[in-house]
Amino acid sequence: MIKFNSKTILNISIKFYFLLFFLYLFLPLLVVSFAAFNDSSIPTIYPWKGFTFEWIIKFFSDTALMKAILNSLIIAVGVVLLSIPMGLAGALFLLSVSNKAKNIFYAILVSPILTPGVIIGIATLVMWNSLFGVSGGIALTIIGQTTFISSMAMLLFMSRLQKFDKNLELAAFDLGATPSQLFFKVTLPFLKPAIYSATALAFLQSIQNYNTTLFLIGTESAITIHIGSMIKLGLTPVLNVLALISILIVVILSILYGIKKREENR
Amino acid sequence: MTKIFKKYGKGLGAYILLSTMLWLSIFIIFPQILMVNYSMWSYDDQAQELRWQEADKLDEKRYELEQILKKEPQNNSIKKEIKAINSKIAEIDKLSQYPEKVYSAKNYEYLIENKLHRKIFFKTIWSSILVTLIALIVCYPIAYFLAHTASKKGKILLFIGLIIPYWVDELLRTFAWFMLLSYNGVINTALISIGIIDQPIEFFQNNSAALIGMVYAYILFMLFPIYNTLETLDKNQILAARDLGASWITIHKRIIIPYAKPGIAVGTIFVFMLTAGTYAVPSILGGTNSIWFTQIIYSWFFDGGNWNQGATYGLALLVLCISFIMIMLKVFKVKLEDMSK
Amino acid sequence: MGVSIKNVFMKFGNTTVLKDINIDILQGEFFSILGPSGCGKTTLLKIISGFLEQTSGEVHIYGEDMSGVDANKRPTSLIFQNLALFPNMSVKENIAFGLDVKQIDSKTIEKKVNKLLNMISLEEYKDSMIDDLSGGQKQRVAIARALAVEPKVLLLDEPLSALDLKLRQHMRRELRDLQKLTGVTFIYITHDQGEALAMSDKVAVMSKGVIEQISTPQELYNNPRTPFVASFVGENNEFNGEIIEKLPTGVLVKTLYGNFKVKSKDSLQVGTNVKLFIRPERFSFIEVGAKSQKPRDNSIILDINSSSFEGAMVNIYLKRDKNDLIKKDIMIHKKNSENLSSKLSASLKVFFDDHDILLLET
């Protein structure tokens, strides 16, 4: 016999709500993934016309798509190389200015996160084009993305630095370390986890960026831009293969992240 | 400033200062200033028009002279005249390649006076608010139960379940809904074969597809900030309130929601900003009847070739987002500095 | 002279935190600075270590004036309250840090680190990370790290405060032994008078930015020179009074509880206001109504307020007169041998010898 008191009803409705929410999140992703195997010329799972690997083969022989992926990787590496040192410098800078100045600088340095990506794209394009005659392309895309990805990296560094025991600094100094020795031997090793996560974040954000890239990529291609034009002109299940692969990568990354988090909790 | 050098040494201090100033100026501030500057001028169309009129006249005259020249090929004075006209036309051509800039409020006036664009701007505001509200209402219970009733093991599992869709590319997630909602899409085909409808629903022709896509694309930006703040809430506070006889509604109203304010503020700001500024979702899930403000901006830049007008529209969007942030910070009594947590 | 502090003043804005501090510490001495929190002792420590610069005055270490010398150039090492061990380094790397940054060759470092590891008997933990150590082990690593740079002076900022009672008492002995072994001058900051008395060669008592007394622990307990020291170091019972008569052996002091005979060498004037201090263990007492002995000087009858069992001792708290401005109960010790605590009657008659009273002018 199941007794329906208010607590069990509450419990069941919570579980039902969670279930609905996760269905809502995952069903579209599943639909996209399965359509990669459907032997149909347009991406769909219904009607199911038979199982095929055709689209997966076509995916790897799609040179334009491969070029777009390569470009995105180049952009992402560039963004990481610029935004990690810049975000770190920003965080260290904020640590060493007076409180009043800190608030102003902080507001300016985080503002790119709160600005729509479209605006960053426009502003970057307008400035570089009108002042230096630079037009859209990979370099300009790196610059535009770096603007706000540096802010994200800076926030990660700041939250890590908040946990930094100031006495460690004094202790190192007391033991005769110079400021730069202190930084490279104590502060930087302490920041290592934040550097890793900032790098991962920067990479992911760069690869997936659309709004800023759209204005800055010029005649070059990037993966998100390519996806955008594929959907509008020339949609084939090759796109589903791309979705399937990126979903698989994300799943693996998330599980690794979960394992790491579980170890931290212990 | 001298503190930087004292704290980090000369080399490192110089790097920190230089790098931050570079970021601040060339990456953040100057581009915005130039965008504002662009919005304030336009090319002088009138001068250009006059030049072209003059060129036309000269062209006509040249034609006449050429006709005369055909009859009297030896007429040197006409030859000279034609030469003069040619150089004049070349000069005008050159000038019209670099038209004069005129500073005026013209671009702003255009935005205000264009009924359609104005309508789309306000639609963007209302729709973004709607998306933000839906996200908040859906996410608050999820964030709360995730932070406070899930077991430790279940929490990590659920957490992974949440970051997977969060990390999948926004465009691909939108594409998923494109597949589901398109005219011959999964939902329409399914509904027809079951017999619920006999004509496919045109989701793209009204705003519904775009709105569904936006909620889906940005909902987790609401969930994570709220979850992060709620996770640090001491569970004993809730128990103590229960013990003192407070009802669930009172507990949420007096303890949990006030505590979650910074998270709610951050989530609200992000979802609104992302929705108002999205180009991907409406361009994929929108039809001709559901144009988004960002799409107009894009076409000013790349279809219309009027960057000045585009910059003005961009500025309008920026001002909208800044105002929204200010209002939210005021409403939730949160400071920008608290947001880094 | 090991460390001498001359006329040091420290001001933060308008508030004076340290007022004319003068301390001389001998080489190889275990010197404690004792005071309640907020008395300025940590500020003084920061001035000695070079993290703060005094407003005026001088600090000399082994004869050298330290003005303008930065913390990383001073021959001092500081042990922090939370130890501040580097969490990203192993035990060995922590100890080697101060040598490492001076770019000493690795062989010398290795040798030195091994010697120190031996001294703190943590050889088998040399590759452990800091978080894997126990509280006491961390303590020892912190000391070894500080000693590795061969400081002339080791400054310790309440390093035992985070440990539990048992370990704290054990570490007191260990610290003391280490100090004797190395011969390094220790300056130890604490608010715990037990620690200061147990370990130190000399103790300076500080209150509100002023040095109250500098002397050996015994002297400090037996002959406190100011009312603050008398009440801060050890338990003490305080009485306000006024000298009303000069006696051949001392003076007669009038208090709310009657006139007390007090031994005193000083030439004190009749009419002076004084404070009397009597340690709890100096009282004798009998129960009221017990067979009365011959009448004695310096005796009072007081009601018992409460008592508390402390193991070897029973503390008995006696009610003060309701007109007394001092509200703290009078405390007396009673040895636990006679299991009397349950049978205590309502009042006690307490008495004390004239040489058990400390008299200080107010």
Side-chain angles (χ1 to χ4, degrees), chain A residues 14 17 21-22 25 28-29 31-32 35 43-46 85-86 89-90 92-93 96 103 106-108 111-112 114-119 122-124 126-127 130 146-147 150 155 158-159 178-180 183 204 208 210-211 214-215 224 227-228 231 239 243 246-247 250-251 254-255 258 261-262, chain B residues 3-4 7-9 11-12 15-16 19-20 23-24 27-28 30-32 34-35 38 141-142 145 152 156 159-161 163-165 167-173 175-180 186 189-190 269 273 276-277 279-280 284 294 297 301 307 310-311 314 317-318 321 325 336-337 340-341:
Chain A
I14 291 167
Y17 189 61
F21 188 68
F22 278 94
L25 288 180
L29 299 183
V31 167
V32 165
T44 185
I45 54 162
Y46 190 88
M86 220 149 80
L92 294 172
F93 175 82
S96 54
N103 288 348
Y106 175 83
I108 299 174
S111 68
L114 303 168
T115 310
V118 172
I119 308 286
I122 296 172
T124 307
V126 163
M127 182 183 103
S130 65
T146 300
T147 307
S150 297
L155 286 184
M158 282 179 77
S159 79
T178 62
S180 69
F183 178 77
L204 208 70
Q208 302 194 343
Y210 185 65
N211 291 338
L214 185 69
F215 283 81
T224 47
I227 296 171
I231 295 175
L239 190 55
S246 41
I247 288 169
V250 166
V251 168
S254 312
I255 290 171
K261 200 143 196 202
R262 214 169 101 181
Chain B
K3 210 178 145 197
I4 293 173
K7 196 165 174 190
Y8 301 112
L12 196 61
Y15 164 71
I16 289 171
S19 160
T20 308
W23 178 22
L24 205 76
F27 285 75
I28 303 176
F30 289 167
Q32 301 291 336
L34 266 134
M35 186 176 77
Y38 248 69
I142 299 273
F145 288 116
K152 230 179 187 176
I156 286 171
F159 201 75
I160 292 174
I163 50 179
I164 290 171
W167 281 354
V168 171
D169 185 32
E170 175 188 342
L171 257 89
L172 292 174
R173 281 186 286 158
F175 169 56
W177 281 96
F178 177 84
M179 274 183 66
L180 292 173
V186 176
T189 336
I269 286 170
M273 185 271 285
Y279 179 87
I284 294 171
T294 45
I297 298 177
F301 270 85
W307 286 20
L317 182 63
L318 182 63
C321 288
I325 292 171
L336 203 58
E337 300 90 78
S340 59
K341 291 164 195 163

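Because only heavy atoms are used, hydrogens play no part in the values below, and waters and symmetry mates are left out as well, while side chains stay in. Each chain gets a letter, A, B and so on, in the order its sequence line appears, and its residues count up from 1. Worth saying up front: this structure is predicted, and the values here are computed from it rather than measured.
Side-chain contact check for B/I297 versus B/L317: some heavy-atom pair is nearer than 4.5 Å. Counting heavy atoms from C-beta on, the side chains of A/P85 and B/S19 never come closer than 4.5 Å.
Chain B forms the most heavy-atom pairs under 4.5 Å with one residue out of A/L214, A/T178, A/T146, A/I255, and that residue is A/L214. Comparing B/L34, B/D169, B/I163 by how many heavy-atom pairs each has under 4.5 Å with chain A, the most go to B/D169. Among the candidates B/G277, B/G314, B/P31, the residue making the largest number of heavy-atom pairs closer than 4.5 Å to chain A is B/P31. Note on B/W23, B/W177, B/F145: by heavy-atom pairs under 4.5 Å with chain A, the leading option is B/W23. Among B/G161, B/G9, B/G11, B/A311, the residue making the largest number of heavy-atom pairs under 4.5 Å with chain A is B/G161. Ranked by heavy-atom pairs under 4.5 Å with chain A, the list B/L171, B/V186, B/L318, B/T294 is led by B/L171. Ranked by heavy-atom pairs under 4.5 Å with chain A, the first of B/M35, B/M273, B/K7 is B/M273. Across A/L204, A/V126, A/I227, A/V32, the residue that shares the most heavy-atom pairs under 4.5 angstrom with chain B is A/V126.
Although no hydrogens or angles enter the test, the distance criterion places a donor-acceptor pair under 3.5 Å between the side chain of A/Q208 and the main chain of B/W167. Between the side chain of A/S150 and the backbone N or O of A/T147 there is no donor-acceptor pair closer than 3.5 Å. Using a distance-only test at 3.5 Å, with no hydrogens or angles considered, a donor-acceptor pair links the side chain of A/S246 to the main chain of A/A243.
Looking at B/I142, the atoms closer than 4.5 Å to chain A (heavy atoms on both sides) sit in the backbone and in the side chain alike. Within the 4.5 angstrom heavy-atom criterion, atoms from both the backbone and the side chain of A/T224 approach chain B. Of the two parts of B/F301, only the side chain, counted from C-beta on, holds a non-hydrogen atom closer than 4.5 Å to a non-hydrogen atom of chain A. When heavy atoms are compared at a cutoff of 4.5 Å, B/L12 approaches chain A solely by way of its side chain, counted from C-beta outward. Only the side chain of B/F178 comes within contact range of chain A, with heavy atoms under 4.5 Å apart. If you measure heavy-atom distances from B/Y8 to chain A, the contacts under 4.5 Å come from both the backbone and the side chain. For B/L180, the part sitting under 4.5 Å from any heavy atom of chain A is the side chain, from C-beta outward, and nothing else. For A/L92, the parts lying near chain B are the backbone and the side chain together; criterion is any non-hydrogen pair under 4.5 Å.
Of the inter-residue distances, the one linking A/F215 atom CZ with A/I122 atom CD1 reads 4.5 Å to the nearest 0.5 angstrom.
Considering every non-hydrogen atom in both B/I4 and A/S96, the closest pair reads CG1-OG, 3.2 Å. Between B/L172 and B/V168, the shortest heavy-atom distance links the atoms CB-CG1, 4.3 Å.
Taking the side-chain contact (heavy atoms from CB on, under 4.5 Å) definition, one finds that A/I108 meets it with A/I104, B/L24, B/I28, B/I29, sequence neighbours left out.
Few gaps surround CZ on A/F22; more than 12 heavy atoms of other groups in view lie less than 6.0 Å from it.
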